[in-house]
J.: 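Here it is, the structure, as structure tokens.
Convention: sequence-line order gives letters A, B, ...; per-chain numbering from 1.
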Protein chains: 2
Amino acid sequence: MNIQQNIRVAVDAIVFGYSRRQLHVLLIRQKFGLLKDRWALVGGFVQDHEPLSEAVQRELREEAGISVDYLEQLYTFGDDVHRDPRMRVVSVAYFALVHTEKYQLIADSDAEDARWFPIDELPPLAFDHARIIQTAYRRLQGKLSYQPIGFDLLPEHFPFSDLENLYCTILNTEIDRRNFRKKMLSFGILEETEHSAIQKSGRPGKLFKFNSLKYNDLKEKGFVFEIKFA
Amino acid sequence: MNIQQNIRVAVDAIVFGYSRRQLHVLLIRQKFGLLKDRWALVGGFVQDHEPLSEAVQRELREEAGISVDYLEQLYTFGDDVHRDPRMRVVSVAYFALVHTEKYQLIADSDAEDARWFPIDELPPLAFDHARIIQTAYRRLQGKLSYQPIGFDLLPEHFPFSDLENLYCTILNTEIDRRNFRKKMLSFGILEETEHSAIQKSGRPGKLFKFNSLKYNDLKEKGFVFEIKFA
DNA sequence: TCAAAAGTGTTGAGTTTACACCCATGC
DNA sequence: GCATGGGTGTAAACTCAACACTTTTGA
């Protein structure tokens, strides 16, 4: 058993955040090499005895100083043999979401040259990272409708209008406010808190909280989260 | 840029076939090495300048002598550092479906020691292949409801009852025959042919044919295939 | 003529859509 | 008191679930 191979294994993370009514992606600046001054996804080579998912978490810590709230494997990019012009690299891409609070934290921290970019204002990207982000974006759009992952992009407590706006923005669609609220509340996975949002103008909305225990409980009993739009 | 790594990249294929009212998985027998006499998925190491998807197709050709009708990337297994006890191997698993005709062809061919096993009568498997098959099976179950992939498990022409039975078997559920047929036909992606099935007993059923052009056409216009059960 | 499987319609329940006005707050 | 955004109900259209008898064929 002496297979020789000259292929490297890397991981990349597409981290989404949501703030000021926009979906953002976390990018870092390449500091050296061929692609200096290009922006790229957080990522790097996997260590010999390191599980893939740990490699991603390590890179997120090292390069951007964050831990994420939701992480799942997205896709492995390895059909284009020259996606990295320097050598054959197969990259396992991960899809991640962070709560808005943490989002703020990183945006401030610039120990590393990391920044959030609105999804529709991305700078020129290294390698095939633009394509990877498109794949991740479609996954996010798809999942939003049948898994309660939108909550991982909001703070723990949020007004209903933020949730609604998140869906409108990411799915790029109009939603009937009344029907959306009715449906969302009918699941019984949101709790109304006593607090209200602080707003510039208009009537303050009550803050809600996603009850993940309740959700898991219902899910075990066969409940499926599903939200669609006209 | 001189990263040293001691990780191998492999691909594995989970090939599903459907025959005699049962879902089957294609396995091959390990002929040598540590796991002699164990059954395993078709798979092997990726060549240095070979795209991942080509590697799978090559392995399918070399080890089982088939080409498949549907192929998509499933998941990359690389969290368990010792999934292959000999060395660190990251395996990109692919999910494949073959039409029943081709299914027959392989079942006969035994140039390689390849066999079909009913999904619920699997022999002891090499490495983490049992787990990989479970993942693939869940993917199949999930996709059946919102993508017309069941047709890739049937011959080109099939009686309605075979389609219905395929759904029942794979999803492990009972289906109302009338409602199922009504829904399926309402999509307008099936064509009734003039031919009838040849049967041991009972009234022969008309043969149907999946019209993939029509499906792609409708899909572009926003149609979504979706079939659920009570 | 009997056994086996194919083919077919209707009704009630539940869900989804469309739609507009009043309410609380800050300035 | 006015501008801003929050909160709420109902009726019509549609979709889904439940359900049983007739038809065709071969033995």
Side-chain angles (χ1 to χ4, degrees), chain A residues 19-22 144-146 154-155 157-169 171 173-209 218 221-230, chain B residues 20-22 144-146 154-155 157-169 171 173-209 218 222-230:
Chain A
S19 177
R20 288 179 294 128
R21 314 209 139 191
Q22 278 192 301
L144 220 44
S145 301
Y146 64 92
L154 291 173
H157 300 269
F158 54 87
F160 220 93
S161 55
D162 278 14
L163 182 62
E164 188 198 318
N165 207 267
L166 185 148
Y167 272 83
C168 291
T169 308
L171 297 179
T173 185
E174 306 251 303
I175 298 176
D176 181 286
R177 228 156 36 93
R178 277 174 290 194
N179 292 339
F180 180 77
R181 174 187 260 253
K182 220 183 307 169
K183 187 77 190 282
M184 211 34 123
L185 289 176
S186 76
F187 297 144
I189 58 178
L190 290 185
E191 277 170 22
E192 188 173 332
T193 69
E194 301 129 35
H195 311 287
S196 294
I198 297 143
Q199 290 176 197
K200 316 154 234 306
S201 72
R203 172 175 174 178
K206 280 276 186 306
L207 294 179
F208 288 80
K209 184 173 184 279
L218 288 167
K221 290 175 189 143
F223 163 74
V224 277
F225 178 90
E226 182 166 29
I227 191 148
K228 298 235 181 114
F229 310 97
Chain B
R20 287 179 294 128
R21 316 210 139 190
Q22 277 194 303
L144 221 43
S145 301
Y146 64 92
L154 292 173
H157 300 268
F158 53 88
F160 219 93
S161 57
D162 277 13
L163 182 61
E164 186 198 319
N165 208 268
L166 185 149
Y167 273 82
C168 292
T169 309
L171 297 179
T173 183
E174 306 250 303
I175 297 179
D176 181 285
R177 231 158 33 91
R178 279 175 290 191
N179 292 340
F180 180 77
R181 174 186 259 254
K182 218 183 308 171
K183 188 76 191 283
M184 210 37 122
L185 289 176
S186 75
F187 296 144
I189 57 178
L190 290 185
E191 277 169 23
E192 188 172 330
T193 69
E194 301 129 35
H195 310 287
S196 294
I198 297 143
Q199 290 175 198
K200 314 152 239 303
S201 74
R203 172 176 175 177
K206 280 276 183 309
L207 293 179
F208 288 80
K209 184 174 182 284
L218 288 167
F223 163 76
V224 278
F225 178 91
E226 181 167 28
I227 192 148
K228 299 235 181 112
F229 310 97

J.: Nearest-Å distance, CD (A:Glu226) to P (D:dC16)?
T.: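 Distance, rounded to whole Å: 11 Å.
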
J.: Between atom CD1 in A:Ile175 and atom C1' in C:dA18, what is the gap in whole Å?
T.: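 The distance from CD1 of A:Ile175 to C1' of C:dA18 comes to 15 Å, rounded to the nearest Å.
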
J.: Output the single nucleotide from C:dT8, C:dT17, C:dA24 whose closest atom is nearest the side chain of A:Lys182.
T.: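 The listed nucleotide nearest to A:Lys182's side chain is C:dT17.
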
J.: Provide, to the nearest angstrom, the distance between the CG atom belonging to A:Asn165 and the P atom belonging to D:dG5.
T.: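 Distance, rounded to whole Å: 11 Å.
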
J.: Mind checking A:Lys206 for me? I need base, sugar-phosphate or nothing, with any heavy atom below 4.0 Å counting as a touch.
T.: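 Touches sugar-phosphate only.
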
J.: Output the rounded distance in Å from CE (A:Met184) to C1' (D:dT8).
T.: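 Rounded to whole Å, this separation is 18 Å.
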
J.: Between P on C:dA5 and CZ on B:Arg181, what's the gap in Å once rounded to a whole number?
T.: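 Interatomic distance, CZ of B:Arg181 to P of C:dA5: 16 Å.
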
J.: If you pin A:Asp176 and A:Gln199 to their nearest nucleotides in DNA chain C, which one's is more 5'?
T.: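 Looking at DNA chain C, the more 5' nearest nucleotide goes with A:Asp176.
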
J.: Out of C:dA20, C:dT16, C:dA24, which has the shortest distance to the side chain of A:Lys183?
T.: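 Minimum distance to the A:Lys183 side chain belongs to C:dT16.
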
J.: Among the candidates C:dG7, D:dA20, D:dG6, find the nucleotide nearest to the side-chain atoms of B:Arg178.
T.: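 From the listed options, D:dA20 comes nearest.
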
J.: Check the angle between the aromatic planes of A:Tyr146 and B:Tyr146 and answer parallel, tilted or perpendicular using the 30° and 60° thresholds.
T.: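 Tilted, since the angle between the ring planes falls between 30° and 60°.
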
J.: Taking only side-chain N and O atoms of A:Ser161, does any of them lie within less than 4.0 angstrom of OP1 or OP2 on D:dG6?
T.: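 Looking at the OP1 and OP2 atoms of D:dG6, one of them is under 4.0 Å from a side-chain N or O of A:Ser161.
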
J.: Starting at CG of B:Leu207 and ending at P of D:dT24, how long is that distance when rounded to a whole Å?
T.: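 Whole-Å distance recorded here is 18 Å.
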
J.: Nearest whole angstrom, please: distance from the P of D:dA17 to the NZ of B:Lys228.
T.: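 That distance rounds to 9 Å.
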
J.: Parallel, tilted or perpendicular: which one describes the rings of B:Phe187 and B:Phe225, with boundaries at 30° and 60°?
T.: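 If you compare the ring of B:Phe187 with that of B:Phe225, the planes turn out tilted.
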
J.: Students often mix this up, so state it plainly: with edges at 30° and 60°, are the rings of A:Tyr167 and A:Phe229 parallel, tilted or perpendicular?
T.: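 The arrangement is tilted - the two ring planes meet at 30° to 60°.
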
J.: In terms of side-chain heavy atoms of B:Arg203, which of D:dT8, D:dA20, D:dT24 is nearest?
T.: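 The nucleotide sitting nearest to the side chain is D:dT24.
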
J.: Give the minimum heavy-atom separation between A:Gln199 and A:Arg203, together with the two atoms involved.
T.: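 Minimum heavy-atom separation between A:Gln199 and A:Arg203: NE2-O, 3.4 Å.
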
J.: OP1, OP2 of C:dG26 versus side-chain N and O of A:Ser201: anything below 4.0 Å?
T.: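 The answer is no; no side-chain N or O of A:Ser201 sits under 4.0 Å from OP1 or OP2.
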
J.: Testing the basics here: between B:Thr169 and B:Arg21, what is the closest heavy-atom pair and its distance to 0.1 Å?
T.: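 Taking every non-hydrogen atom into account, CG2-O, 3.6 Å.
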
J.: Please pick, from C:dT8, D:dC19, C:dC19, the nucleotide with the shortest atom-to-atom distance to any side-chain atom of B:Asn179.
T.: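 It is D:dC19.
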
J.: Rounded to whole Å, please give me the gap between NZ in A:Lys200 and C1' in C:dA24.
T.: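 It works out to 17 Å between those atoms.
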
